[in-house]
**Student:** 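What follows is a single structure, and I will ask about it in a moment.
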Amino acid sequence: MQNQLGFVLKLLLISALISVLIKYVAPNFSISATTTNALIIVLLPIAIVAIALLWRFQVYKQS
């Protein structure tokens with residue numbers, strides 16, 4: 001139970017930090033509204049998760 005509570009608290013802290021960064025730091029970056037930037041923003045998280053899952057699959061398969 002203690003381990004799960006610690007995980008949830010860490011997750012909440014990281015989420016709050018990301019929210020603060022998006023609200024206060026992100027507006028300082030001037031990113032133009034182009035089709036390329038929109039595709040990057042939409043597809044980059046999917047690509048990162050796919051790479052992470054493939055990496056874990058390769059590690060699992062070797063052991």
Side-chain angles (χ1 to χ4, degrees):
M1 184 69 178
Q2 183 70 11
N3 192 16
Q4 291 178 349
L5 182 62
F7 176 73
V8 171
L9 289 175
K10 287 178 190 177
L11 190 64
L12 286 172
L13 182 65
I14 291 171
S15 297
L17 180 63
I18 291 172
S19 297
V20 168
L21 287 174
I22 289 172
K23 183 171 183 172
Y24 295 111
V25 177
N28 294 330
F29 297 112
S30 59
I31 300 173
S32 59
T34 64
T35 306
T36 305
N37 287 339
L39 283 173
I40 290 170
I41 289 170
V42 169
L43 297 177
L44 187 62
I46 297 168
I48 291 171
V49 169
I51 290 169
L53 289 174
L54 286 171
W55 182 37
R56 285 188 64 173
F57 178 71
Q58 291 296 327
V59 169
Y60 177 74
K61 201 164 104 174
Q62 289 177 355
S63 61

**Student:** When rounded to the nearest 0.5 angstrom, what is the spacing between OG1 in T35 and CD1 in I40?
**Tutor:**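 Here the interatomic distance stands at 11.0 Å.
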**Student:** For residues 15-26, which side-chain donor-acceptor pairs fall under 3.5 Å, sequence neighbours excluded?
**Tutor:**
from	atom 1	to	atom 2	distance (Å)
S15	OG	L11	O	2.9
S19	OG	S15	O	2.9

**Student:** If two hydrophobic side chains count as joined below 4.5 Å and joins carry through other members, does I46 share a cluster with L39?
**Tutor:**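 In one cluster: yes.
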**Student:** Who are the side-chain contact (heavy atoms from CB on, under 4.5 Å) partners of S30, not counting sequence neighbours?
**Tutor:**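 Not a single residue meets the side-chain contact (heavy atoms from CB on, under 4.5 Å) criterion with S30.
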**Student:** When you measure from the side chain of N37 to the backbone N and O of I31, does any donor-acceptor pair fall under 3.5 Å?
**Tutor:**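 No, because the side chain of N37 does not come within donor-acceptor range (under 3.5 Å) of the backbone of I31.
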**Student:** At what distance, to the nearest 0.5 angstrom, does CG of L54 lie from NZ of K61?
**Tutor:**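 It is 10.5 Å, given to the nearest 0.5 Å.
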**Student:** As an exercise, state the distance from NZ of K10 to CG of L5, rounded to the nearest 0.5 Å.
**Tutor:**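 These two atoms lie 11.0 Å from each other.
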